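Let me begin by presenting the structure, written as structure tokens, before commenting on it.
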Amino acid sequence: MTGSGVGTVEGYAARRGWRSRVGELRRLDWPLFVAVLALSVVGALLVRSATFQLLTEQGKDPEGFLKRHILNLVIGFVLGGVVTVLDYRLLRAYVPILYAVACVGLVAVLSPLGETINGSHSWIVLGGGFQVQPSEFAKVGLVVLLAMIMGEPRDGEIGPGRRDVLLALVLAGVPAVLIMLQPDLGTTLVFIAVVLGMLAISGAQKRWLFGLVGGGLAAAAAVWFFGLLEDYQIARFTAFLDPEADPRGAGYNAQQARIAVGSGGGFGKGLFQGEQTGGHFVPEQQTDFIFTVAGEELGFVGGAMIVALLGVVLWRGLRIATQAADLFGTLVATGVVCWLGFQTFQNVGMSIGIMPITGLPLPFVSYGGSATFANMIAFGLLQAVHVRRRAFD
């Protein structure tokens, strides 16, 4: 009798735990999941198209990049799943650790451990073809840090007070300065977009936003006037303003990107059939310029489909932010949306010539381990906030 009773209780507890897990699975934001999965599949096909011919000519495994990209995606989805299962509200206790680790990684990049790739000293090479870019994970640290500081107003305050805003800006400025020293202007711009977006949603006084925008413009003017930018960064802006001025030098990337996208027409030349892609006219096509592969081989329709899927991700993120159980969750989702939204606009914009070239990958599409992992963690944060949108779940 006793053994049977215990067995019954244990069986009931097990069944209840299983039902609870199924209930959590049902509460996932499935449109968001499907959009991220579709982008990942399309991205894998584009990475294969961008690298197959080049690797073949070099006598290497023609599927090498594709295999590593699929491995990165699998690891990324596992990371996103782990973050989804964890209660995001418990992150408050670990935010200082995440922030400290992010800063240590950025300092390590500036030490002899760091490597310069494509003009940016942003990488730590691990060997075996694997590299780590700490600035990608710093985006995650920034989002949760700002959410913790500005998501808990003091007694009698509607939004974050002056001390909270100042503390947030100072702490956000530390990794931003370290990233600028690499130099990585693109990621710095992502930081600015995240800070402004989260400040606006947190309920901070508007004078902070106006002051930051004005101060940012003044700082940008000072950086340009005193020549603090690297030569290649100045060349990129010059090429953006006048791509024909140096078509074989600084303007080459932008010009070839527009040619590749424009040559695809309405429906493209067919997957794996791109002449510009096969001829390697566009550099770094599997990473920063992955959208040019879509433009040439899938045409306007394919490119629009990718933008629409990214739009679904941003739409669901905004919806999750409005339905979050607390301000901390709202700010986490807002920070992720600002991060992914700015990167999407910048990456697609530089591929079609409406934005200057920066080294920002297209979320969930471009090749890259660190970027893929960080994006999937961001995806997991959105799902975690959505699953626990009821205050007492």
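Just so you know, residue 1 is the first one in the sequence shown, and it goes up from there. Here the structure is a predicted model, which means the values were calculated and not measured.
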Donor-acceptor pair, side chain of N347 and main chain of F291, under 3.5 angstrom: no
Option among V190, L189, L185 that satisfies the side chain to side chain contact (heavy atoms under 4.5 Å, CB included) test with L360: V190
Which ILVMFWY residues are connected to V301, directly or by a chain of links, through side-chain heavy atoms under 4.5 Å apart? F267
Shortest non-hydrogen contact between P283 and F289, atoms and distance: O-CD1, 3.3 Å
Less than 4.5 Å apart, side chain to side chain, heavy atoms only: is that true for L32 and L382? yes
Assess whether atom CD of E275 is packed by more than 12 heavy atoms of other residues, nucleotides or ligands within 6.0 Å. no
Exam field: side chain S49 to backbone L45, donor-acceptor pair closer than 3.5 Å: no
Under the side-chain contact (heavy atoms from CB on, under 4.5 Å) rule, what do L142 and L146 come out as? Steps first, then yes or no, please. CA-CA 6 Å; L142 175 70; L146 296 181; 3.9 Å; yes
Pairs where residues 179-205 contributes a residue and the test ring pair (Phe, Tyr, Trp, His ring centres under 6.0 Å) is met, not counting sequence neighbours: none
No-hydrogen, no-angle side-chain donor-acceptor test under 3.5 Å, S370 and Q131: no
Can you pull out every ring pair (Phe, Tyr, Trp, His ring centres under 6.0 Å) where at least one residue sits in residues 43-73? Sequence neighbours excluded, please. F65-Y367, H69-Y367
Is any side-chain N of the basic residue among K139 and D184 closer than 4.0 Å to the acidic one's carboxylate O? no
Before you tell me yes or no, could you show the steps for Q53 and F272 under side-chain contact (heavy atoms from CB on, under 4.5 Å), namely the whole-Å CA-CA distance, both residues' side-chain angles and the distance that decides it to 0.1 Å? CA-CA 9 Å; Q53 185 65 32; F272 311 136; over 6 Å; no
For V36 and F77: C-alpha separation, side-chain torsions, deciding distance, then whether side-chain contact (heavy atoms from CB on, under 4.5 Å) applies. CA-CA 10 Å; V36 170; F77 272 108; 4.1 Å; yes
Answer whether the closest heavy-atom distance between the side chains of L362 and L310 falls below 4.5 Å. yes
Specify whether F379 and F33 have parallel, tilted or perpendicular ring planes, treating 30° as the upper limit for parallel and 60° as the lower limit for perpendicular. tilted
Any side-chain donor-acceptor pair under 3.5 Å between T358 and Q346? yes
Whether R89 and D326 form a salt bridge (side-chain N of Lys/Arg under 4.0 Å from carboxylate O of Asp/Glu) is what I want to check. no
Whether R389 side chain and H386 backbone form a donor-acceptor pair below 3.5 Å: yes
Does a side chain donor of either T292 or Q285 reach within less than 3.5 Å of an acceptor in the other side chain? yes
Tell me if a side-chain donor or acceptor on S111 pairs with a main-chain N or O of A108 at a distance below 3.5 Å. yes
Has the side chain of N72 got a donor or acceptor atom that lies under 3.5 Å from a matching backbone atom of T372? no
Checking T51 against Q286: is there a side-chain donor and acceptor pair closer than 3.5 Å? no
When you measure from the side chain of E296 to the backbone of T277, do you find a donor-acceptor pair of N or O atoms at a distance under 3.5 Å? yes
